[in-house]
Enquirer: 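Got a structure for you, questions after.
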Amino acid sequence: MYFKFVVLAAFCCIATSAEFTSYEGHKVYDIKPENTVHQELLARLAQNDVYDFFTLPRVLGLSARVLVQPEQQAEFEQTLQAAQLPYEVVNENFGETVAEERMQNNFFRNLRSSSRSSISFSAYQRYDAINSYLDQLAENYPSRVNLKTIGKSYGGLALRTITITNGDGNTNKKVILLDAGIHAREWIAPAGALYVIQQLVENFEENSHLLETYDWVILPVVNPDGYEYTHTNTRMWRKTRKPASKSCVGTDANRNFDFHWGEVGASSSACSDTYKGASAFSEPETQALRDLMHSLTGRAKFYLTLHSYGNYLLYPWGYTSALPDTWEDIDEVAQAGAAAIKSGTGTDYTVGSSTNVLYAAAGGSDDYAFAAAGIPISITMELPAAGNGFNPAPSKIEELVRETWLGIKAMAEKVEQKY
Ligand code: 0X9
Ligand code: ZN
């Protein structure tokens, strides 16, 4: 209580700044469909852009979670009640959660984490701080770290990769390609990528086996315009920031890849959160990631893209419920990740194809990496919300990224042993 007061007092003025979307009175509903009729109703509701579905799993027994603004709540609840669809309000005022997260994050941003790391995992870092960390690593470990700018966001921010090697000078090794932050609001994902970077570079002695026959190429923030916008304006922004129509901004970058583009689970409406874009690869950010993938074709054996939330390890296809011929190879890698996390922390991850365990959505980076860039193991990892509705509280970041690393390490070991 005292702590909360101090934080509130210290950051009252930043938190109440007028430019932030307040989310005052917005509620988060946890909804547990019990049959296919319930599931169909939820799928229909998810088509309506006024409801923000944080997650909508297909597997019975797993809950959907939806953010609903005050004006829509009565009708929304009536609809659920009429269908006898069990629900629970898990957050009565999302505005308070967002404000508190912002205050805590500002407070802790400049504090060091409990570990000896050179970047703090006590707060979600801004784009500039992430860049400074990359620069610092390049300076301190010039023989093992190489930075590149692979393109620019619509807003002109550099899309920067870090290539991590063991410094043995072999430039033709196999590659693990990792990215995060394609969806702006999923803050735990770039944090997870930064932890991987820290482990591979600063904790090299312990992890050198992961760099013996493989290099790692990591793009920690795919969508920096969106990421920054979630810090400065609208916490739940998901898309890129290029204007999409006269009145709406942004494309869902994970619907913008040119593989069965727009066929399913993607919207043609520029105002929708799952807008597929005016054309495939309409966004500079997806173009840059596409080019990066192709530049690594042949060398890259594992593409891993970090998202949140929901504890999933997903693999192709995202556009159809059919499975690729080699699905068992990918499943084996994903299962190794889930098992390592389960035995390390007890956290459960659900493993399966995107369409079968989550929903069908075409134009994702994972399908493209697998089918068009020829990367044989392609996985989307949805990190946990850690009991906070959508995003782990800043105090949970460190625990979460450590857990995530257990899974990523196990998957990398499996890939490196198989390929
Ligand atoms: O919908 C998405 O883009 C991902 N889920 S999220 O909640 N982070 O937005 C899942 C993507 C799975 N892959 C494909 N559908 N291709
Ligand atoms: Zn996502």
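We count ligands from 1, going down the list as the structure has it; atoms in each ligand are counted the same way.
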Enquirer: Taking the side chain as every heavy atom from C-beta outward, state whether Leu200 and Trp405 have any atom pair closer than 4.5 Å.
Expert: yes

Enquirer: Decide whether an N or O pair under 3.5 Å exists between Asn254 and ligand 1.
Expert: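 Such a contact does occur with ligand 1.
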
Enquirer: Short N/O distance, under 3.5 Å, between Arg238 and ligand 1?
Expert: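 Yes, there is a polar N/O contact under 3.5 Å.
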
Enquirer: Suppose we measure from atom 16 (N) of ligand 1 to each protein heavy atom; which comes out shortest, and what is that distance?
Expert: Asp366 OD1, 2.8 Å

Enquirer: Strictly under 6.0 Å, is that where the ring centroids of Tyr319 and Phe259 end up?
Expert: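 Yes, the ring centres sit under 6.0 Å apart.
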
Enquirer: Under 2.8 Å from the Zn ion (ligand 2) - does any N, O or S atom of Glu186 fall there?
Expert: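 Yes.
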
Enquirer: Test your reading of the model: is there a side-chain donor-acceptor pair from Arg255 to the backbone of Lys276, 3.5 Å cut-off?
Expert: no

Enquirer: Using only N, O or S atoms, tell me which atom of His183 is closest to the Zn ion (ligand 2).
Expert: ND1

Enquirer: In ligand 1, which numbered atoms sit nearer than 4.0 Å to a non-hydrogen atom of His183?
Expert: 2 (C), 3 (O), 8 (N), 9 (O)

Enquirer: When you measure from atom 1 (O) of ligand 1 to every protein heavy atom, which one gives the shortest distance, and what is it?
Expert: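 Protein heavy atom at minimum distance: Tyr359 OH, 2.5 Å.
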
Enquirer: Heavy atoms only, cut-off 4.0 Å: how does Ser308 contact ligand 1, side chain, backbone, both, or neither?
Expert: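 The backbone, only.
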
Enquirer: Hey, is Thr55 one of the residues with a heavy atom under 4.0 angstrom from ligand 1?
Expert: no

Enquirer: Nearest N/O/S atom of His307 with respect to the Zn ion (ligand 2), by atom name, please.
Expert: ND1

Enquirer: I'd like to know if Asp273 and Lys239 make a salt bridge, using a cut-off of under 4.0 Å between side-chain N and carboxylate O.
Expert: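 Between Lys239 and Asp273 there is no salt bridge, as every charged N stays at least 4.0 Å from the carboxylate O atoms.
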
Enquirer: Taking distance alone, with no angle check, do Ala361 and ligand 1 share an N/O pair under 3.5 Å?
Expert: yes

Enquirer: Give yes if a backbone or side-chain nitrogen or oxygen of Tyr309 is under 3.5 Å from a nitrogen or oxygen of ligand 1, and no if not.
Expert: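 No.
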
Enquirer: Does Phe20 have Arg102 sitting over its ring (NZ/CZ under 6.0 Å from centre, angle to axis within 45°)?
Expert: yes

Enquirer: Who's the nearest protein heavy-atom neighbour of atom 6 (S) of ligand 1, and how far?
Expert: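 Of every protein heavy atom, Glu382 OE2, 3.4 Å lies nearest to atom 6 (S) of ligand 1.
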
Enquirer: Any Lys/Arg nitrogen of Asp225 or Lys242 sitting under 4.0 Å from an Asp/Glu carboxylate oxygen of the other?
Expert: no

Enquirer: To check your reading of the model: name the closest protein heavy atom to atom 12 (C) of ligand 1, its residue, and the distance in Å.
Expert: Ser354 OG, 3.3 Å

Enquirer: Are Trp327 and Phe370 near enough that their ring centres are under 6.0 Å apart?
Expert: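 When the ring centroids of Trp327 and Phe370 are compared, they turn out to be at least 6.0 Å apart.
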
Enquirer: Considering non-hydrogen atoms of the protein only, which is the closest contact for atom 8 (N) of ligand 1, and what is the distance?
Expert: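 Going atom by atom, the protein heavy atom closest to atom 8 (N) of ligand 1 ends up being Glu186 OE2, 2.9 Å.
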
Enquirer: Looking only at the aromatic ring of each residue, does the gap between the centers of Phe257 and Phe281 stay below 6.0 angstrom?
Expert: yes

Enquirer: Has the side chain of Asn356 got a donor or acceptor atom that lies under 3.5 Å from a matching backbone atom of Ser321?
Expert: yes

Enquirer: Under the criterion salt bridge (Lys or Arg N to Asp or Glu O under 4.0 Å), I'd like the reasoning laid out for Glu398 against Arg402: C-alpha separation, chi angles, the key distance, then a yes or no.
Expert: CA-CA 6 Å; Glu398 183 138 3; Arg402 280 176 191 279; 3.0 Å; yes

